[in-house]
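A short write-up of the structure that comes next.
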Number of protein chains: 2
Amino acid sequence: MSLPRAKLVKNFPGCPVEATLSFLDGKWKGVILFHLMQGTLRFNELRRKLPAVTQRMLTKQLRELEESGLVSRTVYPVVPPRVEYKMTPLGTTLKPVILALAAWGEEHVFCSPEAASEGFEACATALQS
Amino acid sequence: MSLPRAKLVKNFPGCPVEATLSFLDGKWKGVILFHLMQGTLRFNELRRKLPAVTQRMLTKQLRELEESGLVSRTVYPVVPPRVEYKMTPLGTTLKPVILALAAWGEEHVFCSPEAASEGFEACATALQS
DNA sequence: CTGAATCCTCGTTGATACTG
DNA sequence: CAGTATCAACGAGGATTCAG
């Protein structure tokens, strides 16, 4: 494996589970990663995927993901500005983890038809390939 | 599946990943679950496994895990008090998730020989059975 | 469109001491 | 041993405004 190691921004953890969780810290990183698994997204596209997140928070979490080396940020020098976010190669190694999280959430938490109809399951299974 | 659904303590999430993460929220739940995967543990045994956590926080996180239905708490009416914590059947369904988190942490975060020598890998693989 | 800069609140966490 | 109680501090996160 020649991938760069994930950068530990905060204190060194005492356990690998804690280590991984520290990268998903904050309230939105897991969800951001989940959506970026499906491909590159622009800033406002991400905002629409995360109806509850503040602009400020989305920016902040994205910066932290970038600093961790899980997400890359590409700025196109055009007017109006265009900024695209996508997973880095290191970020894609988190796919099995995100999928495990999503699968458990679907199986043991979600129950409403609304949630089921949003296509989480189809999305997740499609990403398994 | 006849298991009870995990109880959503806080706001209803908009995504299954967020849902699962909400159960691992707080700084220690993931690690607690990781250690309880290996079997029942008493309160002070858990404290020794989590050198950095305060007594107050450990109690709080355990209560939240109990409220979520992931961990059970058994009090033995003896002197001195004896309280045992173990995963519920629902909690054990999180094993694949915890293992995924642990595996990624080992692969992409940990690098120090000290950490490696603590037997995380051996522990995790042993639990796969 | 994609942010940065402020200000402010509220919850989480730590420290410490006490108890059955 | 396994907690509870209380106080204080910090910082994550929200609301709002300004900018290239």
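A:Arg63 meets the salt bridge (charged side-chain N to carboxylate O under 4.0 Å, His left out) test with A:Glu66; sequence neighbours excluded.
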Short heteroatom pairs, N/O only, protein and nucleotides 5-8 of chain D, under 3.5 Å:
unit_1, atom_1, unit_2, atom_2, d
D:dT6, O4, B:Arg56, NE, 3.3

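Taking a cutoff of 4.0 Å between a charged side-chain nitrogen and a carboxylate oxygen, A:Arg82 and A:Glu84 qualify as a salt bridge. Taking the charged nitrogens against the carboxylate oxygens, A:Arg47 and A:Glu45 have no contact shorter than 4.0 Å, which rules out a salt bridge.
For C:dT13, neither phosphate oxygen OP1 nor OP2 lies less than 4.0 angstrom from any side-chain nitrogen or oxygen of B:Lys27. Close to C:dT13, at under 4.0 Å from its OP1 or OP2, lies a side-chain N or O of B:Gln61. For D:dC1, neither phosphate oxygen OP1 nor OP2 lies less than 4.0 angstrom from any side-chain nitrogen or oxygen of B:Tyr85.
Between A:Leu99 and A:Met37, the closest side-chain pair of non-hydrogen atoms falls below 4.5 Å.
Comparing D:dG14, D:dT4, C:dC1 by their closest approach to the side chain of B:Thr59 singles out D:dT4. With D:dG14, D:dA2, D:dT4 as the choices, the nucleotide that has an atom nearest any side-chain atom of B:Arg63 turns out to be D:dT4.
Using a 30° and 60° split on the angle between ring planes, B:Tyr85 and B:Phe43 fall in the tilted class, from 30° to 60°.
DNA chain D lies under 4.0 Å from at least one heavy atom of each of the following residues of residues 41-53 of chain B: B:Arg42, B:Phe43, B:Asn44.
Of the candidates B:Val83, B:Leu62, B:Val53, B:Leu62 is the only one forming a side chain to side chain contact (heavy atoms under 4.5 Å, CB included) with B:Leu46.
Distance A:Gln55 CD to D:dG14 C1': 12 Å, rounded to the nearest Å.
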